[in-house]
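Below, chains carry the letters A, B, ... as their sequence lines are ordered, and counting in each starts from 1.
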Number of protein chains: 2
Amino acid sequence: MSRSSHPDATALQPERSRLSPRPVKDMSIDDVAAQAGVSVATVSRVLNGHSNVRAETRDKVLAAVESTGYRVNELARNLRTAESRLLLTMVPNFGNPFYAEIVRGIDSVARQHGYFMLLCDTGADPGRERSYFEMLRRRRADGAICLDPAAAQQALSEELNTLPWVACCEFDADVGVPYVGIDNYRAAGDAVMHLLARGHTRIALINSGDGYLYAQQRERGYLDALHNAGVDPDPRWQVHLDSLDYEAGASAAAILMAQAEPPTAIFTVSDTLAIGVVKGLRSVGKRVPDDVAVVGFDDISLAAQIDPPLTTIAQPMRELGETAARLLLKRLANRSANVPGVLLPHRLVVRGSA
Amino acid sequence: MSRSSHPDATALQPERSRLSPRPVKDMSIDDVAAQAGVSVATVSRVLNGHSNVRAETRDKVLAAVESTGYRVNELARNLRTAESRLLLTMVPNFGNPFYAEIVRGIDSVARQHGYFMLLCDTGADPGRERSYFEMLRRRRADGAICLDPAAAQQALSEELNTLPWVACCEFDADVGVPYVGIDNYRAAGDAVMHLLARGHTRIALINSGDGYLYAQQRERGYLDALHNAGVDPDPRWQVHLDSLDYEAGASAAAILMAQAEPPTAIFTVSDTLAIGVVKGLRSVGKRVPDDVAVVGFDDISLAAQIDPPLTTIAQPMRELGETAARLLLKRLANRSANVPGVLLPHRLVVRGSA
DNA sequence: TTGAAAGCGCTAACAC
DNA sequence: GTGTTAGCGCTTTCAA
């Protein structure tokens with residue numbers, strides 16, 4: 001039986017008033033039962049909001065709970081009900097502000113359904129990632145949402161398929177794991193077409209490592225958009241970075257501009273990178289957007305704050321998180337439910353940088 | 001007899017790799033014991049690395065674990081050992097990059113000691129905060145680290161004292177809860193003295209809400225530093241904000257500059273605010289630092305990236321987190337241990353903005 | 001409407 | 001070194 005279908009037990013356990021002293025030892029359900037003069041079964045029923053309890057009995061139990069300062073031991077409850085009510089969220093790097101809003105979306109849906117969310121920083125390390133999936137196998141968590149790159153690929157070769165998890169942002173539609181994300185190919189195309197429409201043809205791409213599926217998809221979107229416009233992309237303008245942080249973007253931009261024929265526009269697969277690019281450009285004396293236009297990706301809250309404000313592809317981060325959580329919950333509720341993959345819309349946000 | 005050892009079981013599960021068949025049903029320690037021809041106690045000993053097991057027996061058990069695909073059920077283990085091995089970390093807002101590195105520090109120490117860390121976003125809401133403390137009482141978590149403002153104050157009036165938690169960054173030394181933080185009073189003084197040394201006397205303070213202890217401490221540091229220099233602080237230059245985000249800083253700066261006698265320097269209690277201030281200043285045509293100098297607080301990684309790079313007070317964020325985790329672990333190991341309060345050093349980092 | 005009792009899967013005495 | 005067994009604190013049949 002789902003606990004969330006009943007009134008929250010918290011409501012039945014009011015904060016202890018200052019008048020009633022703290023229990024000397026930990027109270028168990030037996031103590032409450034003894035105190036109320038009923039059986040433990042009845043206490044349990046009251047705690048879980050079952051209706052088949054006489055009002056008078058319920059009051060006795062509640063009074064006993066109050067006077068003993070009893071708190072349910074969820075360790076015991078979890079064992080009995082065989083669920084931990086914990087959801088894992090795996091992110092490659094929670095210092096990256098892109099994830100913050102997604103995680104909020106997940107958290108809010110999880111809480112609404114009586115789950116807690118455990119945020120796990122994997123450092124995009126498959127080893128750590130696996131250690132978190134291991135938590136699922138050990139019943140420490142009921143399910144997981146993975147924003148990490150490696151998992152989707154590993155799911156092909158391992159029995160990760162059978163575990164209750166969903167992919168968010170990073171996904172492989174062929175792998176049989178429920179997912180939510182955006183159409184990275186088209187989003188990248190939109191960014192490039194915006195730059196083309198502004199008259200740019202020497203358009204660089206600053207990408208993350210190839211380990212990321214989205215990196216591959218956005219690269220194809222970039223290349224195809226260029227081809228469709230009859231522009232021949234210069235391979236020297238495509239750079240892959242291991243890191244998404246500001247510094248990485250800054251130095252990549254400086255290196256790009258040191259070329260004989262430097263690009264006049266830079267498309268970057270993340271806003272954090274783009275912010276670094278703007279700084280890097282400035283450090284070599286280039287103005288944005290006059291000398292070089294910059295387009296980012298994600299639309300983190302910072303994007304509108306920098307100088308110049310960043311033109312970028314907005315991802316619906318909150319919805320991404322909420323949707324991921326809903327898919328997972330659906331899967332948890334019914335293990336054999338056919339949970340779909342879903343693609344959410346992106347949006348080009350034009351600001352000052354391009 | 002375990003069904004997965006039957007050849008047919010594999011054939012019935014085509015989606016799994018044929019190399020390592022997974023169990024059809026969940027294996028328990030009894031299944032492993034049966035498979036290995038030993039008792040459950042022996043299996044438990046092997047699993048927990050006890051030394052008093054014959055090597056030969058150990059191998060038998062390990063082989064049985066392998067062949068059954070057994071995973072320990074930590075729900076059961078937790079009930080038996082009466083610990084969840086989960087630590088809570090409560091932050092008012094995990095979108096704020098200031099917390100990211102602290103949380104990393106906590107996480108790394110926790111993991112080293114076999115604990116998982118659950119990150120909780122309280123939104124600085126005492127209600128949500130209490131619901132997390134409630135998790136402690138219900139044995140869902142073993143201990144907590146709180147970076148939230150309200151807890152310290154509440155600890156005075158409630159029996160929060162008796163719960164296993166430590167305060168980080170936001171603390172009240174009088175409250176009897178172990179804590180780690182910096183000397184906010186002196187740090188603010190250092191920032192103001194730097195500005196004074198640069199010749200400023202019209203120095204504004206953009207502070208957060210009074211609910212934050214650090215806000216009060218930094219305000220006193222600011223006021224006293226000014227007094228000590230014989231400067232009379234203009235009350236119109238002290239603003240309190242509900243929010244720490246970029247927008248809040250931007251509009252506060254604009255309003256400050258609209259005064260008849262606007263300040264020539266702004267000290268801000270957080271880098272995020274300071275970044276907003278720089279943008280707000282720019283939007284009303286003021287140059288930084290030529291027209292107005294800006295000093296931030298925290299030294300988040302972004303601080304060095306913006307234009308101009310931010311002068312700020314650096315907090316040792318990683319160490320703050322690591323120390324908090326160690327204090328908590330110490331308290332958990334020995335409930336009656338006398339866990340101290342600790343103050344870590346801050347540092348003025350001079351960059352371009354002041 | 002209530003109670004008695006059987007476990008959930010594990011660890012740790014205690015016995016051999 | 002290894003096995004037997006008694007719980008950990010709860011939920012949930014099943015009977016009354």
Side-chain angles (χ1 to χ4, degrees), chain A residues 1-6 9 12-13 23 25-62 64-65 68-85 114 137-140 142, chain B residues 2 23 25-62 64-65 68-85 114 137-140 142:
Chain A
M1 178 195 46
S2 159
R3 264 177 243 158
S4 64
S5 63
H6 291 285
L12 300 175
Q13 300 191 8
K25 78 172 194 79
D26 270 8
M27 293 292 144
S28 82
I29 197 171
D30 297 87
D31 300 311
V32 177
Q35 171 91 7
V38 300
S39 73
V40 295
T42 297
V43 176
S44 177
R45 287 187 192 105
V46 172
L47 258 26
N48 291 288
H50 294 197
S51 54
N52 52 346
V53 178
R54 201 149 44 99
E56 193 184 329
T57 311
R58 168 184 308 274
D59 291 344
K60 270 196 307 193
V61 170
L62 259 16
V65 166
T68 54
Y70 169 74
R71 293 295 195 289
V72 68
N73 181 332
E74 303 214 35
L75 258 26
R77 173 186 279 178
N78 287 343
L79 172 59
R80 183 55 231 232
T81 59
E83 54 175 15
S84 64
R85 293 257 142 190
R137 299 199 176 89
R138 298 183 177 203
R139 331 302 305 232
R140 258 201 109 124
D142 292 340
Chain B
S2 137
K25 77 171 195 79
D26 270 9
M27 292 291 141
S28 83
I29 197 171
D30 297 86
D31 300 309
V32 177
Q35 171 90 4
V38 300
S39 72
V40 294
T42 298
V43 176
S44 176
R45 285 185 193 108
V46 171
L47 259 26
N48 291 289
H50 294 195
S51 54
N52 52 347
V53 179
R54 204 151 40 105
E56 193 185 329
T57 311
R58 168 183 308 275
D59 291 344
K60 270 197 306 194
V61 171
L62 258 17
V65 167
T68 54
Y70 168 75
R71 292 296 194 290
V72 67
N73 181 332
E74 302 213 36
L75 257 27
R77 175 184 280 174
N78 287 344
L79 171 59
R80 181 57 231 230
T81 59
E83 54 175 14
S84 65
R85 292 255 140 194
R137 298 198 176 92
R138 298 182 179 202
R139 328 303 304 234
R140 256 199 111 126
D142 293 339

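For the atom pair A:Ile29 CD1 and A:Leu47 CG, the distance stands at 6.0 Å (nearest 0.5 Å). B:Leu75 CG to A:Glu83 CD: the interatomic distance, rounded to the nearest 0.5 Å, is 9.0 Å. Between the CZ atom in B:Arg138 and the OH atom in A:Tyr70 there is a gap of 9.0 Å [rounded to 0.5 Å]. Summarising the geometry, atom NZ belonging to A:Lys60 is positioned 11.5 Å from atom CD belonging to A:Gln35; distances are rounded to the nearest 0.5 Å.
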Pull out every protein N or O sitting under 3.5 Å from an N or O of nucleotides 6-9 of chain D, one pair per line with the distance.
| from | atom 1 | to | atom 2 | distance (Å) |
| --- | --- | --- | --- | --- |
| D:dG7 | N2 | B:Arg80 | NH1 | 2.8 |
| D:dG7 | N3 | B:Arg80 | NH1 | 3.4 |

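Comparing B:Gly37 and A:Val43, the nucleotide of DNA chain D nearest to each residue sits closer to the 5' end for B:Gly37. Nearest-nucleotide assignment on DNA chain D puts the 5′-proximal partner with B:Arg58, out of B:Arg58 and A:Arg45.
Atom NE2 of B:His50 and atom C1' of D:dG3 are 16 Å apart (whole Å). Distance CG (A:Asn52) to P (D:dA16): 18 Å, rounded to an integer number of Å. Spacing between atom CG of B:Leu75 and atom P of D:dC10 amounts to 14 Å, rounded to whole angstrom units.
If you check the side chains of B:Asp142 and B:Ser84, you find a donor sitting under 3.5 Å from an acceptor. A donor-acceptor contact closer than 3.5 angstrom is absent between the side chains of B:Thr68 and B:Asp31.
Residue A:Ala82 is out of contact with every strand shown, counting any heavy-atom pair closer than 4.0 Å. In this structure, A:Ser44 reaches the bases: a heavy-atom distance under 4.0 Å links it to at least one base atom across the strands shown. Within 4.0 Å (heavy atoms only), B:Asn48 reaches sugar-phosphate atoms of the nucleic acid but no base atom.
With sequence neighbours excluded, the residues that form a salt bridge (charged side-chain N to carboxylate O under 4.0 Å, His left out) with B:Arg139 are A:Asp26. Qualifying side chain to side chain contact (heavy atoms under 4.5 Å, CB included) partners for A:Arg80, counting only residues two or more places apart in sequence or in other chains: none.
Side chain of A:Thr81 to main chain of A:Arg77: a donor-acceptor pair is present (N/O by atom type, distance under 3.5 Å, no hydrogens or angles). With hydrogens and angles disregarded, no donor-acceptor distance shorter than 3.5 Å links the side chain of A:Arg71 to the backbone of A:Ser28.
Inter-axis angle, ends of the helix from C:dT1-D:dA16 to C:dC16-D:dG1, five pairs per end, rounded to 10 degrees: 30°.
Extent of DNA chain C lying under 4.0 Å from chain B heavy atoms, first and last nucleotide in 5' to 3' order, is C:dG9 to C:dA13.
Within the structure, salt bridge (charged side-chain N to carboxylate O under 4.0 Å, His left out) contacts touching residues 43-54 of chain A (residues at least two apart or in different chains) are A:Arg54-A:Glu56.
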